[in-house]
Amino acid sequence: MGHRAGAAWEMEDTKPCMEALEHCGFPGLYLSCFDMLFTEDSAWLVKVSEASPGLACAMPVPVPRMAHGEEPEQCPVIDSQALGLSPGLEGQEEERSLEQVQSMVVGEVLKDIETACKLLNITPDPMEWNSGNVQKWLLWTEHLYRLPQAGKTFQEQTGKDLCAMSEEDFRQRVPQCGDTLHAHLDIWKSAAWMKERCSVGDSKITGGEELWLEADSSCSGQPIHLWQFLRELLFKPHNYGRCIRWLNKEKGIFKIEDSAHVARLWGRRKNRPAMNYDKLSRSIRQYYKKGIIRKPDVSQRLVYQFVHPV
DNA sequence: AACGAGGATTTGT
DNA sequence: ACAAATCCTCGTT
């Protein structure tokens with residue numbers, strides 16, 4: 001386990017990312033990675049960002065999170081071109097680096113948590129902790145990140161209690177580092193959720209938006225399908241809203257706003273540098289007779305519809 | 001010029 | 001075997 005701590009919103013287009021990792025020896029944990037892997041609507045993930053403990057390197061400032069109830073489609077899109085950040089080759093480089101960093105960071109975090117669990121003899125899921133487990137985790141975290149001792153603050157608290165507490169609760173109980181503890185707990189929660197999601201499959205449905213997760217490429221060994229890939233992009237509007245977005249999420253109607261860009265992303269994912277929209281759209285059309293994607297009732301250019309919306 | 005439909009063939013796993 | 005990739009012709013916007 002390293003000496004990492006910290007959070008930063010929106011890794012997109014943060015040039016220093018790769019350099020930072022190299023120069024500083026992988027110091028920062030970019031929580032936005034988790035966010036990008038899941039839907040942006042996961043309410044309990046939303047607050048993870050706020051604490052930025054111990055950032056060793058220059059990192060982008062946390063972006064205020066949108067309020068609940070706002071349309072996800074309207075959430076801010078960070079776009080390299082819009083920020084004047086090198087279109088063309090460099091932009092693509094960054095984009096690819098970003099994806100590499102994402103998977104790398106997530107892998108590292110999961111590994112570290114696993115190590116900690118073995119060492120402390122606790123489960124990865126904070127919800128299952130008894131009060132003893134909680135104390136172990138607290139001591140471990142405090143020691144690892146050189147936090148002031150919270151002492152007996154959380155005596156007799158179970159993991160479930162802890163998980164139910166807001167960041168504000170943490171801050172009140174431990175003014176010195178409550179926010180940091182809360183952030184770290186959130187990481188564990190994220191990891192546990194992710195693990196469960198990957199192993200369980202489809203046995204539970206916790207509400208409308210969960211189904212697409214089955215199709216997430218991050219934990220199915222099989223090669224990703226095009227329709228899955230498109231869904232992935234659609235569920236990360238803050239990353240890809242500029243090139244593909246929902247017109248009607250409920251009906252599964254979406255529009256490809258930048259066909260060339262989407263094709264490039266697809267080509268990169270499949271390691272097909274010669275991919276273009278001509279070929280991508282041909283693959284989409286193959287879905288017609290398979291009943292996966294169709295043209296909407298009122299056919300519009302670059303607009304398609306999932307036959308089975310989530 | 002860019003998109004759309006769909007046939008034919010090849011490719012990668 | 002299968003989904004995609006590739007290549008193609010022809011029609012539409």
Side-chain angles (χ1 to χ4, degrees), chain A residues 36-39 73 77 79-82 86-100 102-104 106-107 110 194 197-203 209-237 239-310:
Chain A
M36 285 188 251
L37 287 175
F38 308 132
T39 160
E73 283 85 351
V77 174
D79 180 86
S80 52
Q81 264 94 356
S86 60
L89 250 169
E90 276 180 57
Q92 293 182 22
E93 258 320 301
E94 278 177 27
E95 216 165 337
R96 197 170 51 198
S97 303
L98 175 66
E99 284 172 25
Q100 287 172 349
Q102 279 178 236
S103 56
M104 203 164 88
V106 171
L110 291 175
M194 200 168 158
R197 176 165 71 87
C198 291
S199 57
V200 168
D202 62 343
S203 53
E209 310 206 70
E210 231 70 6
L211 276 171
W212 73 275
L213 294 169
E214 292 173 62
D216 194 298
S217 63
S218 60
C219 60
S220 67
Q222 303 307 319
I224 187 169
H225 289 200
L226 176 57
W227 64 270
Q228 295 176 307
F229 177 75
L230 294 174
R231 260 222 234 285
E232 273 188 35
L233 299 188
L234 284 162
F235 276 105
K236 297 169 187 171
N239 291 348
Y240 303 110
R242 272 252 151 61
C243 62
I244 184 170
R245 67 184 179 89
W246 294 112
L247 290 188
N248 186 325
K249 202 171 180 178
E250 288 67 43
K251 290 183 178 173
I253 300 173
F254 62 97
K255 174 163 188 176
I256 296 172
E257 300 281 3
D258 184 340
S259 59
H261 191 199
V262 173
R264 273 206 314 277
L265 292 170
W266 175 232
R268 198 170 302 156
R269 174 66 72 90
K270 291 290 295 288
N271 209 15
R272 285 288 125 135
M275 182 52 59
N276 56 32
Y277 182 68
D278 251 23
K279 291 183 271 193
L280 185 150
S281 64
R282 181 69 190 93
S283 293
I284 291 179
R285 290 195 292 275
Q286 289 291 156
Y287 287 143
Y288 293 173
K289 62 175 177 181
K290 293 183 185 176
I292 297 172
I293 288 176
R294 68 183 183 87
K295 270 292 189 179
D297 297 323
V298 279
S299 181
Q300 307 166 69
R301 281 195 138 199
L302 295 166
V303 176
Y304 297 91
Q305 176 171 16
F306 285 103
V307 175
H308 305 291
V310 286

Does [X] have a side-chain nitrogen or oxygen under 4.0 Å from the phosphate oxygens OP1 or OP2 of [N]?
| X | N | result |
| --- | --- | --- |
| A:Lys279 | C:dA5 | no |
| A:Ser283 | C:dA5 | yes |
| A:Lys270 | C:dA4 | no |
| A:Trp266 | C:dA5 | yes |

Nearest atoms (heavy-atom pairs only) where A:Leu234 meets A:Trp246 =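 Heavy atoms only, the tightest pair is O-NE1, 3.5 Å.
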Among the candidates [options], find the nucleotide nearest to the side-chain atoms of [X].
| X | options | result |
| --- | --- | --- |
| A:Tyr287 | B:dC3, B:dG6, C:dA4 | C:dA4 |
| A:Tyr277 | C:dC7, C:dA4, B:dG4 | B:dG4 |
| A:Arg285 | C:dA4, C:dA5, B:dA5 | B:dA5 |
| A:Met275 | B:dA5, C:dA5, C:dA3 | C:dA5 |

Salt-bridge contact A:Arg245-A:Glu257 (side-chain N to carboxylate O under 4.0 Å) |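 Yes, charged N to carboxylate O under 4.0 Å.
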Once you round to the nearest 0.5 Å, how far does CD of A:Gln222 lie from CD of A:Gln228?
->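 With rounding to 0.5 Å, CD (A:Gln222) is 9.5 Å from CD (A:Gln228).
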Value rounded to 0.5 Å, distance of CZ in A:Arg294 from OH in A:Tyr304 =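 One gets 13.5 Å once the value is rounded to the nearest 0.5 Å.
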5' precedence on DNA chain B between A:Ser259 and A:Lys289 (nearest-nucleotide basis) =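 Of the two residues, A:Ser259 wins.
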Taking the nucleotide of DNA chain B with the closest heavy atom to each, which residue, A:Arg301 or A:Arg272, is nearer the 5' end?
->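 Going by which nucleotide is closer to the 5' end, it is A:Arg301.
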Please report the distance, rounded to the nearest Å, between [atom1] in [X] and [atom2] in [N].
| X | N | atom1 | atom2 | result |
| --- | --- | --- | --- | --- |
| A:Ile224 | C:dA4 | CD1 | P | 10 Å |
| A:Asp278 | B:dG7 | CG | P | 17 Å |
| A:Leu302 | C:dT12 | CG | P | 18 Å |
| A:Gln222 | B:dT13 | CD | P | 13 Å |
| A:Gln286 | B:dG6 | CD | C1' | 8 Å |
| A:Leu280 | C:dA4 | CG | P | 10 Å |
| A:Tyr288 | B:dG4 | OH | C1' | 7 Å |
| A:Ile284 | C:dA3 | CD1 | P | 16 Å |

Touch class at under 4.0 angstrom, heavy-atom based, for A:Leu226 against every strand present =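 It contacts sugar-phosphate atoms only.
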Starting from the 5' end of DNA chain C, give me the residue, A:Lys290 or A:Arg282, whose nearest nucleotide shows up first.
->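 Mapping each residue to its closest nucleotide by heavy atoms, the 5'-most match is A:Lys290.
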Would A:Trp227 and A:Phe306 satisfy ring-ring contact (aromatic ring centres under 6.0 Å, His included), going step by step from the backbone distance to the final call?
-> CA-CA 8 Å; A:Trp227 64 270; A:Phe306 285 103; 7.1 Å; no
